[in-house]
**Student:** 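The following block contains the structure, expressed as structure tokens.
Order of the sequence lines fixes the chain letters, A, B, ..., with proteins taken first and strands second; residue numbering starts at 1 for each chain. Small disclaimer: the values here were computed from a predicted structure and weren't measured.
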Amino acid sequence: KQEVTQIPAALSVPEGENLVLNCSFTDSAIYNLQWFRQDPGKGLTSLLLIQSSQREQTSGRLNASLDKSSGRSTLYIAASQPGDSATYLCAVTLNQAGTALIFGKGTTLSVSS
Amino acid sequence: DAEITQSPRHKITETGRQVTLACHQTWNHNNMFWYRQDLGHGLRLIHYSYGVQDTNKGEVSDGYSVSRSNTEDLPLTLESAASSQTSVYFCASSAYSGGPYNEQFFGPGTRLTVL
């Protein structure tokens with residue numbers, strides 16, 4: 001059974017710091033991996049999607065990498081800002097496009113000014 | 001703009017009542033999903049559909065049902081609401097294809113309280 005783990009569960013950093021969020025999965029047979037952001041009491045916003053054949057994806061200050069063989073992904077946030085404070089969720093799909101997501105429990109990030 | 005909406009956004013009901021949560025998407029996506037989010041468990045899959053008349057059970061499907069009569073809607077029904085079903089429910093959709101179109105998009109969620 002695929003399990004997705006995110007470490008740490010919570011992280012506090014000062015504004016301007018570069019940081020890395022970690023995601024690991026037990027079954028390397030994934031189709032893709034998606035990173036989401038969730039603000040308190042809100043829905044999920046998709047940040048980045050990495051296909052299994054890709055190594056990384058970038059969007060603005062965000063960079064996500066994927067090492068399928070080792071079952072790991074990282075989300076790098078450059079020059080963090082207070083507005084980045086949120087919970088970040090990692091999720092994988094198995095085997096083929098369009099299947100359901102298996103989520104980690106998230107990392108709650110707090111960026112202080 | 002295409003979007004995915006859920007209604008109601010908040011619902012309080014009593015144990016034993018039947019409740020239906022609505023999900024409507026204008027992406028014209030074939031795939032639709034229902035998840036619940038609970039502290040300590042994260043998001044877990046309840047039911048999903050890959051097209052009209054197709055429905056499938058997810059990890060935590062007991063006590064829930066769905067039906068898919070058109071592309072746009074996937075209502076979630078709680079047959080007899082239980083306190084254990086107090087949760088935040090999210091609907092999501094994705095296109096049935098490879099490439100960049102299999103990204104899942106989520107609705108704003110419905111907070112359900114069963115008393």
**Student:** Just give me the residue among B:Q37, B:E59, B:R44 that pairs up with chain A most often, heavy atom to heavy atom, under 4.5 Å.
**Tutor:** B:Q37
**Student:** Which atoms of B:L43 are under 4.5 Å from chain A, going by heavy atoms: the side chain, the backbone, both sets, or neither?
**Tutor:** both
**Student:** Less than 3.5 Å apart, any donor N or O on the side chain of A:S73 or A:W35 sitting next to an acceptor on the other?
**Tutor:** yes
**Student:** Have B:Y64 and B:Y89 got a donor and an acceptor in their side chains that come within less than 3.5 Å?
**Tutor:** yes
**Student:** My understanding is that only residues two or more places apart in sequence, or in another chain, count here; which of them pass ring-ring contact (aromatic ring centres under 6.0 Å, His included) with A:F25?
**Tutor:** none
**Student:** Identify which part of A:Q6 has an atom lying under 4.5 Å from any heavy atom of chain B, answering side chain, backbone, both or neither.
**Tutor:** neither
**Student:** Which atoms of A:L89 come close to chain B, meaning under 4.5 Å heavy atom to heavy atom: side chain ones, backbone ones, both, or neither?
**Tutor:** side chain
**Student:** Mind checking the SG-CD spacing from B:C91 to B:Q25? Nearest 0.5 Å is all I need.
**Tutor:** 7.5 Å
